Amino acid sequence: MSNTEIATILRNVAAAYAIKNESKYRFQIIAYQKAADAIENSTSEVKDLYKEEKLESLPGVGPSIRQHLEELITTGKVKHFAWVMQDIPESVFTLLNVPTFGPKKSYRLVSEFGLKNPIAVIADLEKIARAGKIASLEGFGAKSESDILQAIQEYKQGRAKTKRMVLPYAAELAEKVLLYLKKSKAVIQAQPLGSLRRMVSTVGDIDFAVVSNSPNEAIKHFIAYPYKDRVIEQGPTTASILISGGKQIDLMVQSKDSFGSLLQHFTGSKHHNVHLREYALKKGLSLSEHGIKKRVAGGKLRMETYETEEKFYKALGLQWIPPEMREDKGEIELASKNNLPQLVELKDIKGDFHIHSNYPIEPSHDMGKNTMEEMLEKAEKLRYEYLGFSEHNPSLSKHTSTQIYSILSRRKDKIEQLNDSNKYVRVINLLEVDILTSGKLAIDEKSLATIDAAIVSIHSNFSMDKKTMTKRVLQGLSHPKAKILAHPTGRLLNIRSGYELDFEKIFDFCIKNKKALEINAWPTRLDLPDSLVFEAIKQGVKFVIDTDSHALWQMEMMKYGVAVARRGWAKKSDILNTLPYNELISWLKS
DNA sequence: GCCGTTTTCGGCCCGACTGTTTTCAGTCG
């Protein structure tokens with residue numbers, strides 16, 4: 001049973017409690033939702049945590065939910081869950097997947113019309129709505145009926161399951177909307193927030209904060225966005241539209257003097273904000289997007305507004321927290337002690353190791369589009385000190401080992417020539433070498449001797465079990481020339497989830513043997529994922545951030561790799577390609 | 001049902017918008 005499936009079960013339990021008696025079970029509902037969130041975001045499989053007796057290390061899992069999870073894993077069902085859900089047809093939980101359907105509405109409609117078939121429930125409800133039978137229900141009306149049809153329509157088009165956008169794509173889309181927003185005189189300032197500002201690897205909705213003295217005008221301009229499909233909602237200070245492709249864009253307007261509070265509120269994350277508000281409550285303060293409410297003499301509440309986020313956090317006795325850290329992982333406590341880490345920045349990066357040129361290496365996988373010279377010129381523009389070429393090793397099926405050696409020797413000469421003629425950027429002779437199914441590297445010792453170091457990676461036979469795959473990777477990484485493990489999970493966002501690895505073992509091995517893991521900035525990779533970077537950094541694993549560029553423009557993607565590192569709380573000292581050339585090369589050749 | 005830098009008991013974030021109401025329930029973020 002996957003973490004996602006388990007999280008869904010817990011959310012359904014929460015929904016069942018809400019249907020049974022929302023006020024009575026108010027805190028159970030919150031508890032189950034919290035546990036579901038924690039499981040969904042966990043870097044470890046629940047079944048592994050169970051084996052290691054570490055279920056209660058998940059935030060939000062206590063003695064009670066832990067026991068239920070154990071029962072779920074060992075028997076496949078839970079008596080307590082069955083009790084909570086006993087009078088609720090399964091079809092109710094199906095309906096929860098439809099936008100705008102919560103527990104109450106789903107249960108009401110299922111009961112009212114006897115929709116007991118979980119497979120057909122959505123189609124059945126659609127027929128009923130079309131027949132005009134919903135409008136006459138107490139508490140419903142003609143508008144609710146057409147809204148239900150609309151929601152079902154969008155559900156069928158995949159809005160509920162709409163794939164989240166990869167970060168660089170979302171950033172590009174946000175840029176277009178931003179340009180449009182700024183065309184209005186009513187928009188004094190506009191900024192994308194939410195998961196985009198936190199640089200999460202995938203972005204669902206795009207959120208904007210706007211400063212305006214005439215919110216009405218600003219909202220009117222926003223909902224007139226030419227590429228919108230429809231307006232989802234529109235009020236005096238907020239509005240949401242759906243654009244073609246099913247993406248949602250939310251907008252919130254405040255006056256200038258409250259913009260700091262708005263930025264803070266709308267950047268999230270939800271968990272960070274909830275924790276921050278609980279923290280504030282203990283100081284007698286109440287937070288919102290409008291500002292901070294303080295209790296003053298006479299027991300009255302007074303609202304203080306904040307123009308900047310810095311001032312907002314300061315009013316709570318906190319350091320300003322970088323958006324990438326706002327995930328409720330302990331950042332609030334550190335900020336209260338003035339002890340936040342100094343995160344690595346793009347300007348700290350002194351070079352890129354994972355570069356595929358079009359050098360004729362007859363590679364095992366895809367080749368780059370530009371010459372080594374062109375890529376070096378780009379590196380100079382990026383003010384890099386060094387650049388590592390790391391084409392894929394020559395294809396094994398098409399060459400003998402002697403041929404491979406000869407290709408790599410020629411390449412070595414070429415790189416030496418480049419180093420002689422190039423004034424600004426040092427060239428490092430790397431190679432991306434496949435770790436074969438056996439754990440052996442794809443090229444032999446003689447060929448390996450032609451390069452400074454190898455970036456090793458998995459490009460075949462992904463479906464090995466966790467133990468075997470871990471053994472394979474560790475064997476490949478244990479070769480003295482192998483210094484970096486590239487795109488360690490092999491995931492491709494929205495395409496495949498990657499292979500299974502025992503990262504405890506990998507981290508441990510890297511620390512003991514001075515190996516580095518890669519943060520690969522390729523838009524659909526962003527691999528190692530930030531949550532695992534966070535664990536690795538805590539333990540002292542070193543990283544390199546690479547773009548894996550196959551063309552010049554891709555060398556600009558470094559900022560997304562840096563974002564992953566920052567989300568993992570990496571400091572400059574955790575990232576090896578922030579080192580000056582001499583220190584770097586001595587590590588590579590060590 | 002979870003949790004602790006004023007608590008192992010007594011708390012638990014805050015507000016916007018919509019539709020159906022005539023003061024609020026449901027959903028969302």
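Residue numbers begin at 1 in each chain, while the letters A, B, ... track the order of the sequences. If you're wondering where the values come from, they're calculated on a predicted model, not measured in any experiment.
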Rounded [atom1] spacing from [N] to [M] in Å:
| N | M | atom1 | answer |
| --- | --- | --- | --- |
| B:dC2 | B:dT7 | C1' | 14 Å |
| B:dC28 | B:dC13 | C1' | 14 Å |
| B:dG1 | B:dT5 | P | 24 Å |
| B:dC14 | B:dT8 | P | 23 Å |
| B:dG15 | B:dG10 | P | 27 Å |
| B:dG26 | B:dT20 | P | 14 Å |

Verify whether one side chain among A:Asn117 and A:Glu90 offers a donor that lies under 3.5 Å from an acceptor in the other.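 The answer is no; no qualifying pair exists.
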Any donor-acceptor N or O pair under 3.5 Å, side chains A:His80, A:Glu71: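 Their side chains do not contain a donor-acceptor pair, so the 3.5 Å distance test is not met.
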Whole angstroms only, please: what is the [atom1]-[atom2] distance between [X] and [N]?
| X | N | atom1 | atom2 | result |
| --- | --- | --- | --- | --- |
| A:Arg11 | B:dG29 | CZ | P | 12 Å |
| A:Gln33 | B:dG29 | CD | P | 13 Å |
| A:Leu262 | B:dG29 | CG | C1' | 13 Å |
| A:Asp207 | B:dG29 | CG | C1' | 8 Å |

Counting side-chain heavy atoms from CB outward, which of B:dG1, B:dG15, B:dC17 is closest to A:His290?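 The nucleotide sitting nearest to the side chain is B:dG15.
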ring-ring contact (aromatic ring centres under 6.0 Å, His included) assessment of A:Tyr225 paired with A:Tyr227: CA-CA 6 Å; A:Tyr225 185 59; A:Tyr227 302 107; 5.6 Å; yes
Without swapping roles, check the side chain of A:Ser2 against the backbone of A:Glu5 for a donor-acceptor pair under 3.5 Å.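 It does hold such a pair.
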Short side-chain to backbone donor-acceptor contact, A:Lys311 and A:Gly260, under 3.5 Å: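 Checked: no pair found.
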By a 5.5 angstrom centroid cut-off and a 30 degree plane limit, is there stacking between A:Phe27 and B:dC12?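 Per 5.5 Å and 30° rule: yes, stacked.
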First encountered from the 5' end of DNA chain B, between A:Asp147 and A:Lys105: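 Final value for this comparison: A:Asp147.
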Of A:Ser144 and A:Ser286, the one whose closest DNA chain B nucleotide lies more 5':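 Checking each residue's closest nucleotide, the 5'-ward one belongs to A:Ser286.
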For A:Thr237, answer base if it contacts any base atom (sugar-phosphate contacts may also be present), sugar-phosphate if it contacts only those atoms, and nothing otherwise; contact means non-hydrogen atoms under 4.0 Å.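 Touches sugar-phosphate only.
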If you look at every strand shown and take non-hydrogen atoms under 4.0 Å, does A:Leu276 touch a base, only sugar-phosphate, or nothing?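 Answer is nothing: A:Leu276 stays at 4.0 Å or more from every strand.
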Does A:Lys337 contact B:dT5 through a side-chain donor or acceptor facing the base, at a distance under 3.5 Å?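 By the distance-only test, yes, there is a pair.
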